[in-house]
2 protein chains.
Amino acid sequence: MNSAGYLVNNLARLLVEVLRKRIAPLGIVPGQFPTLLALWEKDGLTQKELLVLVDIEQATLANTLTRMERDGLITRKEHPADARARTIHLTNQGRSIRDEAYKAAAQINEEVLADLSDAETEAFLSYMRRVIGRIKEVEATS
Amino acid sequence: MNSAGYLVNNLARLLVEVLRKRIAPLGIVPGQFPTLLALWEKDGLTQKELLVLVDIEQATLANTLTRMERDGLITRKEHPADARARTIHLTNQGRSIRDEAYKAAAQINEEVLADLSDAETEAFLSYMRRVIGRIKEVEATS
DNA sequence: TAATATTACATAGTTTGCTATGCAATGCTA
DNA sequence: TAGCATTGCATAGCAAACTATGTAATATTA
């Protein structure tokens, strides 16, 4: 069990669970993180606009938004110009956890990479970007 | 969106989807892969014995085994000595796809790592192992 | 402008991960 | 050996990913 695929999968699961534990006190879960990051940058986006930022499928985002609304993190308002679309807005609660969430994410990042030097960390990230690029290339042409 | 966590997650999802497409013709899905690998090595294990090999939670394995039974990959027989336990056995179908599955996995591994040199691949794997080790350490002591 | 295509979002259904908990069988110990 | 603890597995319920498909609303085109 030492293939790249196995290790990546294992690592991803571990990281998600670490994040889950750290952000649980804030009332959010890992799947909401990318959406929150985008909305903290710019509020009032449509689902379509969010979608290009978060890199998940549209249906996944729609479900995540529904859970976020349920959890009191966002509200959805009708779009002023397009009745099909809705704009997505952070609630006070959603806004208020921003700094704590950033801090948690940065701390985890630092902790889990603590055994790698700066150069090694850079190499690690670059390998991942290259493999991701490679997969997207292969998938696009097949 | 360039943090280690984001990249690892992204990469893991991409790899799972590649694997899903490649093994679909064999009638299996990615979550069944670790279990199949273990059973191809040694048939007739109990769930408990499988568990130490696959590195997922017991409940996840139990559900995966149920789906594998449904899909005709395994059967479960009563344990000769312990009525709580059951031994898990590959069906002919489960056994027959072994070589194709190994080939698919090896091919994906080779393809997605094609842009990395042997040394880079080694470094990449070693970084992942170190980070995994680090997380397990941190989690154990917290 | 009426018909058609496209777009924005939602919903249904599956997989695969998790935690929490239940239940029966087995093991231990007072 | 009776009672309690532990073990092996199953189940329930949730999250988050996917594909496929449905439904309006909007845009395009014949």
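Throughout, a chain's letter reflects where its sequence line sits, starting with A, and its residues are numbered from 1.
Atom CG in B:Asn63 sits roughly 16 Å away from atom C1' in D:dA16 (whole-Å rounding). Across the protein-nucleic acid pair, B:Leu50 atom CG and D:dT7 atom P stand 19 Å apart, rounded to whole Å. Following rounding to the nearest Å, A:Leu65 (CG) and C:dA8 (P) show an atom-to-atom distance of 15 Å. Distance CZ (A:Phe33) to P (D:dA17): 13 Å, rounded to an integer number of Å. One can place CD of B:Glu17 at 9 Å from C1' of D:dT19, the figure rounded to the nearest angstrom. The distance between atom CG of A:Asn9 and atom P of C:dG17, rounded to the nearest whole Å, is 6 Å. Remark: C1' of C:dT11 and CG of A:Leu61 are 14 Å apart, rounded to the nearest angstrom. A straight line from CD1 of B:Ile88 to C1' of D:dG8 spans 11 Å, rounded to a whole angstrom.
With hydrogens and angles disregarded, no donor-acceptor distance shorter than 3.5 Å links the side chain of B:Arg22 to the backbone of B:Ile108. A donor-acceptor pair is defined here as one N or O able to donate and one able to accept, closer than 3.5 Å; such a pair exists between the side chain of A:Arg134 and the backbone of B:Glu111.
OP1 or OP2 of D:dC18 lies within a sub-4.0 Å distance of a side-chain N or O belonging to A:Thr60. The phosphate of D:dA16 has neither OP1 nor OP2 within less than 4.0 Å of any side-chain N or O from A:Arg13. In terms of phosphate contacts, B:Arg76 brings no side-chain nitrogen or oxygen within less than 4.0 Å of OP1 or OP2 of D:dC9. Side-chain nitrogen and oxygen atoms of B:Arg70 include none within less than 4.0 Å of the OP1 or OP2 phosphate oxygen of C:dT14. Note on B:Thr64: every side-chain N or O is 4.0 Å or more away from OP1 and OP2 of C:dT16. Applying the 4.0 Å criterion to OP1 and OP2 of D:dA16, one finds that A:Arg67 has a side-chain N or O inside that range.
Donor-acceptor pairing under 3.5 Å is recorded for the side chains of B:Arg76 and B:Thr66.
Around atom CD of B:Glu49, more than 12 heavy atoms belonging to other residues, nucleotides or ligands sit under 6.0 Å away.
Along DNA chain D, the nucleotide closest to A:Pro30 and the one closest to B:Gln47 are compared, and the more 5′ of them pairs with B:Gln47. Position along DNA chain D of the nearest nucleotide to A:Ala59 versus A:Asp82 favours A:Ala59 as the more 5'-ward residue.
The residues B:Lys136 and B:Asp55 are annotated as salt-bridged, a charged nitrogen and a carboxylate oxygen being separated by less than 4.0 angstrom.
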